[in-house]
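Note that the coordinates shown come from a computational prediction; the quantities given were computed from them, not determined experimentally. In what follows, chains carry the letters A, B, and so on, assigned in the order in which the sequence lines appear, proteins first and then strands, with residues in each chain numbered from 1.
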Protein chains: 2
Amino acid sequence: MAKFKLDEIDHQILDMLIDNTRVPFTDIAKKLLISAGTVHVRVKKMEDAGIIKGSSLTLDYKKLGYSFIAYVGVFLQNTSQTKFVLQRINEIPYVTVAHVTTGKFNIFCKIRAKNTEHAKDIIFRLDDIEGVYRTETMISLEESINDKRRLMHDIFNAL
Amino acid sequence: MAKFKLDEIDHQILDMLIDNTRVPFTDIAKKLLISAGTVHVRVKKMEDAGIIKGSSLTLDYKKLGYSFIAYVGVFLQNTSQTKFVLQRINEIPYVTVAHVTTGKFNIFCKIRAKNTEHAKDIIFRLDDIEGVYRTETMISLEESINDKRRLMHDIFNAL
DNA sequence: GGTGAAACTTCTAATAA
DNA sequence: TTATTAGAAGTTTCACC
């Protein structure tokens, strides 16, 4: 795959879309003083290149009754089981993301649950996976998400 | 704020939008055998209720040159400094999310960097924050993101 | 609540520059 | 590559169930 080079216009388009994917292309065009057709072509190109992988809603999980977040470090009996255990972990929908990591833990994952009771069930389920030696849980008392826009701004200035 | 109750139609609408926020309301309407106007009204209601907080692009950070992910546990000299340190941490755009946690660390955050060199700079910057005693880094060797759709499916069936 | 149609806005692809 | 254009498609409102 050829390396895709984004220019300033592309950056600005992404910048406008990153916080609201439903911004009309005509609005973007007006702001950037280009035509809506150009916006369309460029977005399509970025999609084709895989830079834009998709779009998603940001939901308020608290309002949906899922206010519990924790990180769970997983110790394996043997690192050769990593792939297998990772697959089992990914079968649990309440695990939002899992990482194979260096350092203390072999696998490290984030879970989203209704409450402590529910979290307990999820953690027990993780503990029960064949090859898992033990787990260690860190409960999130407060989550502070950084604006994607700021990272993007930095990415663009650094590129 | 009055508790907002989602019904089956709302779930289905969210289910269609969660993976692609630009799905036309007319498509959703057709699939759910309702009118496009109804879809519009319901989405607006969920936005007003704050269930839908926004929408965002999913970008391929690797393709943008940011292939390094790590989790950094932060030890504070004193927990009274939590708020202050959290604010300093959030000023770093490469920190995508930070949590105040129970357990080993006081604060726990995820960083996204270009490479190890860049990550080093970020971690040093974290170390340099006033009130930070020391940090502990776990490098992600492999990230496996779980489909939001699956969590949502479970949330809806549980509600 | 929901509908369906009208009025308005946006998208998209073809063509031209 | 980008702009223009025009028909297709989507959004949004509103009178009426």
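Nucleotide C/dT10 holds its C1' atom 10 Å from the CG atom of A/Asp27, rounded to whole Å. Across the protein-nucleic acid pair, B/Glu8 atom CD and C/dG1 atom P stand 17 Å apart, rounded to whole Å. Taking atom CG on B/Leu32 and atom P on C/dG1, their separation rounds to 17 Å, with Å as the unit. Rounded to whole Å, the distance from CE on B/Met46 to P on C/dG1 is 13 Å. Protein atom CZ of A/Phe25 is 11 Å distant from nucleotide atom P of C/dA13, rounded to whole Å. Atom pair B/Asp7:CG and C/dG2:P shows a separation of 8 Å (rounding to whole Å applied). When the C1' atom of C/dT12 is taken as reference, atom CG of A/Asp48 falls 14 Å away, rounded to whole Å. At whole-Å resolution of the value, NZ in A/Lys31 and C1' in C/dT10 are 19 Å apart.
Nearest nucleotide to the A/Thr38 side chain, out of D/dT2, D/dT11, D/dT4: D/dT2. Among C/dG1, C/dT3, D/dT12, the nucleotide with an atom closest to any side-chain atom of B/Lys45 is C/dG1. Proximity note for A/His40 (side chain, C-beta onward) versus C/dT12, C/dG1, C/dG4: the nearest is C/dT12. Closest contact between the side chain of B/Thr26 and the listed nucleotides C/dC11, D/dT11, C/dT12 involves D/dT11. Comparing D/dA3, C/dT12, C/dT3 by their nearest atom to the side chain of A/Ile34 picks out D/dA3. If you check D/dT2, C/dC11, D/dT11 against the side chain of A/Arg42, the one that comes closest is D/dT2.
Under the 3.5 Å distance criterion, with hydrogens and angles disregarded, a donor-acceptor pair is assigned to the side chains of B/His153 and B/Asn157.
A sub-4.0 Å separation between OP1 or OP2 of C/dC11 and a side-chain N or O of B/Arg22 is present.
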Requested in this report: Begin with the C-alpha distance, continue with both residues' side-chain angles, and end with the deciding distance and a verdict on salt bridge (Lys or Arg N to Asp or Glu O under 4.0 Å) for A/Asp48 and A/Lys44.
Outcome: CA-CA 6 Å; A/Asp48 291 346; A/Lys44 190 149 187 4; 3.7 Å; yes

Report task. Decide yes or no on side chain to side chain contact (heavy atoms under 4.5 Å, CB included) for A/Val43 and A/Ile13, but give the supporting numbers first. Result -> CA-CA 8 Å; A/Val43 168; A/Ile13 291 172; 3.7 Å; yes

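For B/Tyr71 and A/His99, the ring centers sit closer than 6.0 Å to each other.
Using a 4.0 Å cut-off between a side-chain N of Lys or Arg and a carboxylate O of Asp or Glu, B/Glu136 and A/Lys104 do not qualify as a salt bridge.
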